[in-house]
Every structure is written in C-alpha cells, then in structure tokens.
Protein chains: 2
Amino acid sequence: MYKNFKFTITHQDQKTPARCGEIHTPHGIVQTPNFIFCATKAAIKGVDLATMKQEGTQIILSNTYHLMLQPGSETIRALGGLHKMMNWDGPLLSDSGGYQIFSLGHGSVSNEIKGKRNSNRPQSLLKITEEGAKFKSYIDGSYHLLTPEKSIQIQRDLGVDFMVVLDECTPFNVTKEYTEKSMHMSHRWALRSLAEFKNHDDESQSLYGIVQGGIYDDLRKQSTDFVNENEFFAHAVGGSLGASKAQMHDIVAHTMSMLSKDRPVHLLGIGGVSDIFNGIKYGIDTFDCVHPTRLARHGGALVKVSMSENGKEHINIRNNRFKTDPNPIDSECKCSTCMRYSRGYLHHLFKAGEILGMQALTIHNVHFMNKLMLAVRGAIREDRVEEEQKIWCG
Amino acid sequence: MYKNFKFTITHQDQKTPARCGEIHTPHGIVQTPNFIFCATKAAIKGVDLATMKQEGTQIILSNTYHLMLQPGSETIRALGGLHKMMNWDGPLLSDSGGYQIFSLGHGSVSNEIKGKRNSNRPQSLLKITEEGAKFKSYIDGSYHLLTPEKSIQIQRDLGVDFMVVLDECTPFNVTKEYTEKSMHMSHRWALRSLAEFKNHDDESQSLYGIVQGGIYDDLRKQSTDFVNENEFFAHAVGGSLGASKAQMHDIVAHTMSMLSKDRPVHLLGIGGVSDIFNGIKYGIDTFDCVHPTRLARHGGALVKVSMSENGKEHINIRNNRFKTDPNPIDSECKCSTCMRYSRGYLHHLFKAGEILGMQALTIHNVHFMNKLMLAVRGAIREDRVEEEQKIWCG
C-alpha cells in the first residue's frame, strides 16, 4: 500500500515543528509546505491549468460534492479521469464531499465551524445516520446518499492522487457530547473508508485520515491516536477550530504536537498569509483555501502587508485611486499580469465588468501564493521563519 | 499623410474582384482578406491578447463609444494609449462611436440596419443635429455630445492605427429622402473629421471614410464618388444593407464595383462564414463582427458546415450528446482548446457555469476564424475560391 507515494522530510527546523519536505506521487512531487488551489468543479475559475503551472503551481484540488452532482463521477471516468479531463498532469487531491454536504446542510456549517452563527441558507442535508449522509442536490433537488464507501468509490473514479475519508463536519455550537459521538462515528466511517480503499487499491492513489475532536483537548488526543494507529498515508486537521484565531492556534498546536511526524499534514480551509505562517510553525505541510482565487474575482490583489497601506494582505483594484495608475500591482512581481498590465487597466477591466480582470487578478494571486510558499520553504531551510514572516506580514 | 501606411495588392483574382493584399501600419502588417476581432471595452472577453496572437490574430478593434464613457479617453491617454494599456503591439482599429449611439438610441438601429424591426430598448439618443449627436450615457445617465471632431480627438487619444469618421447610421425603415439627407450630412461630417484629422496628423494614424446611401443605387453612387475623391486611407461600407441576404449581396456588389480599387475596404459587422466568402468575392478586404466571440460565450463552437450535422456553421457544446464525448471539438483543429480539452469537458464547464468554458470556446472560435482567413487568402492566390467555399460551407 502507498508504494508509489512517499513523504520525505528534507529539513527540520530546530526551534519549531516547522519542516520542509517532499510528497512523491505518481504525478510528480509536491514540495512542502505548499498551498493547494481549489479547482472546485474541475476548473480554476478563469485560469487554465497550463497557466497555473507556469505561475508555479504544484498541486490543485477538486470537490467530490460538486463533481458527483455535475457531471457525475461516471462521466469523469468515461472522460479518462479528472487528470485527463482537466488536462492536469500534476498531483491532485479530492475531498470526501462531506464538507459541502454538511456546510449546505446545516444552514452553513462553514460559518459554524469557523465560529460564526448567522446564516439562513436553505437546508439541504436531510439525515445523518450510521450509514451515511442523505441530502438533496442543489442543482435539481434529487436525493443522494453519500456513504464512506460511496465517497471512496467516487474519488476512485476521479483518479486523484490524494483521497480523503468521509467525516461528519461537526458544527461549532454543539455540546461536547455531540462532538464526541460525532467523532466516534467519523472514526467508524474512516475505518469503512480505509477498508473500501484497500479493497480496490491499485497503488495509484493514497488516503488521508481526518482528525476530529473539535475544541476539546481530550477528544483531539483520542482522534490523533486513532489516525496515527491506522494506515493513512497522510492526515488532515478537521473539525471545529474554535471561534477565534487564538483558539484556532491553540487547537492546531495541540493537535500537531500529538500527530505522527512521519506523515504529511494538511490544514483544511486556511489561506490567509499570517495564518499560513502560524500553521507552518506548528508543522503543517499543506494548506488549501478558495480565498486567493475568490478574492481575485472580487478585485482583491494579494500584496505584502507593507504595500497595502491599510494593514491588509491585499489591495482592492476597484478603488478609484488606481484609475490612472500606470504601475503594475507590484513592481517586483514577475507574474504574467504584473508583466503586462497596469493597475489602471485592471481597474478599468473591473469597472467595465470584463472577465479578463478576474482572470488577471487570479493569475497574480496564484503567483503570489506560490512565491509565498517558495519563500516559506527557503526560510525554514535557513532557520529564519520569523524574519520571513515580518517581510510578508509587517 | 499616411506615409507610415501602405496598401499593396499582392494577388488579384481573374474571375472575381477578390484579392489578396497587405496593409502596412506602424504596428505591423495585416494580410488581407482578414477578420478583425472585437475588443469592445479594450479587452477580448475572456482571452488575453498574447493568446489571441498565438491563435493567429493580426488585428483587433475597440469601440470608441464604450471607451469614451469608461474609462474615458483621457484615462487611456494617461495610461499610454490603447496599445500600451491593453498590451497589444499589433494593428488596431477603433470605430467612430456612432454605431452604438445610434444603435442604442433608435431603440436598436442594429436591428434596423439589419432589417429587423422589433425592439423595445430604452432610447438614449436625444438629438441629431448638424453639430453632432447628443446622447445619454448608459452607465450613469450623464449627457454627451459626440461631434465629428470630438470622435477624431478621442480616437487620437486612443492612439489606434485606423480611425473611422463619424457618420449617422441611417435606419432601414426610413424614406429615401431621409436616407439622402442623412448621407449628405454624413459626408459633411466626414469632411470635418478629415479636417480635424489633418490638423493634428503626426503620421501615426490613418483614417477610414464610410460609404452611405442605404439600399439606393444612385445614392450609393454619390457616396462612393465622395469617398473616392477625398483623402481617406481606406473605406468602410456602411449604412443599411437591406432586409435580406440577397439584397445585402446586391448592395455590397454594386458599392464595391464603384469603390476605388487601390484602397482597402472594410465591411462593417459581418462575421458569418458564408457571408465572408461572398464578401471577399466582391473584393472586401477586412471584416469585423462580435459573432465568433459572442457565440463562444453561449456555447457555440465554429466548425465546417459538414461537421455540424444540421447545416449550421457551429455546434452547441451545451447539447447533451456531448456529455461523455472524449473527442475535441474538431480533431483536425490545432487550437489550444482542441489540443487540451474534450467536448465532454467543455460541456461540463458550460453546465457548471465555469468561465473557463467561455474562454476555451472563444479561443477555438478565434483560431477558427484566423484559419478560415488564411485558407481564404490561399484560395484567392490559387484561384480556387469556389472550391474553398465548398470545403467550409458545404
């Protein structure tokens, strides 16, 4: 099992758990720490994957939930799998589908998990049982049952390098009892996922386990023990990370201290620059988030905090002060957007509703994140992570 | 005047007025016949101009009307002109702004000129006087007066290679008297445009005159005489071309027979494949139309008629029969879309509302049109235009 996959730690920081490594896959190597961009529905919105690679991208992910509903995993298999369909020959991760089911289902578990309580989305999650999660398609209202086995079967059809076990994404505002019960069911689901995975394993894919336990240290301990003791290739830190950044750091630090050091660890849904610096200092190897690409579509261009003039990690190109600005977003940036276009032109494209503006800013933000992760890896190797963080976050 | 511009006929067909030529500009050569793509608001929707060039594009146009309102010609001048702003170093044409003013203004003169009468757009054209056209901005309701001089001044700010004189786009359903009166005013506007042009000419730009006269042979004669006798670098065939394709062919044929042979001739707003073949047989040198790029955004991929199975010049990738089709749009096509993506994937992108689908089809259609024009030029040189038309149109 996993004989075409390998995780090598190439440098271990002496002061913190931060480390550099390489994840070897049948589709090449991911240098870690690294950032995984979201090709949610089998496409990065507005940017083709050849461009993603040119701008330094090593790995992307797609979402099982969206793809099982449109176009369906059988269609993707008929089109040769996700790599061939998207024309991407690099490493590829899919999630289990659980996050979106529970997110759309609980109103918004996304907000819940992140500690926000206000949401009034229609509920589409119908029932969670030991068997799996029953939900209604957001596309056509049809009924679906996603079980741990089904999730693995779909991810097998997708043909991704990295699969993830189905878990219940436990909301934030539930009791410890609920969190504990949910965690144990997620563990049983994880074992079923692993069994289904091994049952058809052809050495072309690998499986991530997920740590649950919410905000409770003792539950986190039980859940890290569980994943450490089972044959997962890698781990993801899941479940509620609390209601504040401080609590998130505590939970991640505590969880990371107990996780096996010889497997890669992914932190789900984190994409802010300072959050990434904090994550790598706890030993996180990979991150994913829609933030850099979604921000771009709303006119946000990632920059070092010192450049934004307002303490933020981005500038908003829609701002009128850029109307006649002949300079690129960042004169030191070598992305194809900064090499071609002025802030004034990008401002115009957004004002005029031209999708080229979204494309151009997405390219910039992708390049920015890849440059950031390259800098992070260099800083770890040279034991100057704190100094590097100051350069990016001020 | 026009000393940095030159039109050379490199091959004259013996059976028809069809010809091959080269238009030399300060930004390179346009081989004719050729097709001009519409970067309406200073962008091809969804495709960057480096890709446009890779797919064989030699020339694009932008619309004065849209750009004078957003971002404004002063802003474009501040950003170094349209070439620099868009990052396009090839030949570039702008229109006068008139078409959209009259098009939005008369309800839809676009439909009128093309012989369709139904339209219920709000009127934004307020008044046409000898001075110019007064209209309300579709963006913020502000009032604007576009005069022949103002149009030239704006196009000077844009810095395009080819400017066009302001004319009144006479609707279809008006009397001969109106058409004649309108034509004479357009001639006076053309002389004012030419005077304004010469007044500040720095040899970096050139000017197109427009033939009016609607569907009336005698008026077309007067208008061709007018443009032939004045110092325009090139001509455009404007005004109403009638209510049917047959009438359009008659009017274009008649007009072309009288136009000076030593100047390039542009046919406004024509982009269908069979229409282009008919046009080149009358001696038309360049065409423009939003059709190939707009069609792409609605899922239409241009193909040879023999491939569409329904007599059309395109297939609609949204059609369910493409859902699991692993083949490219056209297995003989060398565009970057056909080299990368299956029909099944493109179908999925459109179903999922991913803008990458629009981008990919736009690239295909751009490549298709450029390949068509290359084939047309080859066919003219080898005196086999009819045979070539059969290959494309069945």
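Lettering follows sequence order; numbering is per chain, from 1. All of these numbers come straight from a predicted model, not from anything done at the bench.
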Q) Measuring from B/L356:CG to A/D48:CG, what's the distance to the nearest 0.5 Å? A) 6.5 Å
(Q) Under the criterion side-chain contact (heavy atoms from CB on, under 4.5 Å), I'd like the reasoning laid out for A/L349 against B/K41: C-alpha separation, chi angles, the key distance, then a yes or no. (A) CA-CA 8 Å; A/L349 292 176; B/K41 302 176 185 178; over 6 Å; no
Q: Decide if atom NZ of B/K150 counts as having more than 12 heavy atoms of other residues, nucleotides or ligands within a radius under 6.0 Å.
A: no
Q.
Need one label for B/L67: side chain, backbone, both or neither, based on atoms under 4.5 Å from any heavy atom in chain A.
A. side chain
Q: Below 4.5 Å from any heavy atom of chain A, which atoms of B/Q359 appear? Answer side chain, backbone, both or neither.
A: side chain
Q | Largest heavy-atom contact set with chain A, pairs under 4.5 Å, which of B/I44, B/V47, B/L79 | A | B/L79
Q: Report the option among B/H66, B/K84, B/M358, B/K351 that has the most heavy-atom pairs separated by less than 4.5 Å from atoms of chain A.
A: B/K351
Q) Where on A/E354 is there a heavy atom nearer than 4.5 Å to chain B: the side chain, the backbone, both, or neither? A) side chain
Q) Does anything in residues 86-98 of chain A get under 4.5 Å of chain B by heavy atoms, and if so which residues? A) A/M86, A/N87
Q: Between chain A and each of B/T40, B/L49, B/I355, B/I76, count heavy-atom pairs under 4.5 Å; write down the option with the most.
A: B/I355
(Q) What part of B/A42 gets within 4.5 angstrom of chain A, counting heavy atoms only: side chain, backbone, both, or neither? (A) both
**Q.** Which atoms of A/L346 approach chain B - backbone, side chain, both or neither, heavy atom under 4.5 Å
**A.** neither
Q | Under 4.5 Å from a heavy atom of chain B, the part of A/S342 involved | A | side chain
Q) Near B/R340 CZ, under 6.0 Å, is it more than 12 heavy atoms from other residues, nucleotides or ligands? A) yes
Q. Under a 4.5 Å cut-off applied to non-hydrogen side-chain atoms, are B/T75 and A/K323 in contact?
A. yes
Q) Which residues pass the salt bridge (charged side-chain N to carboxylate O under 4.0 Å, His left out) test with A/E309, sequence neighbours left out? A) A/R321
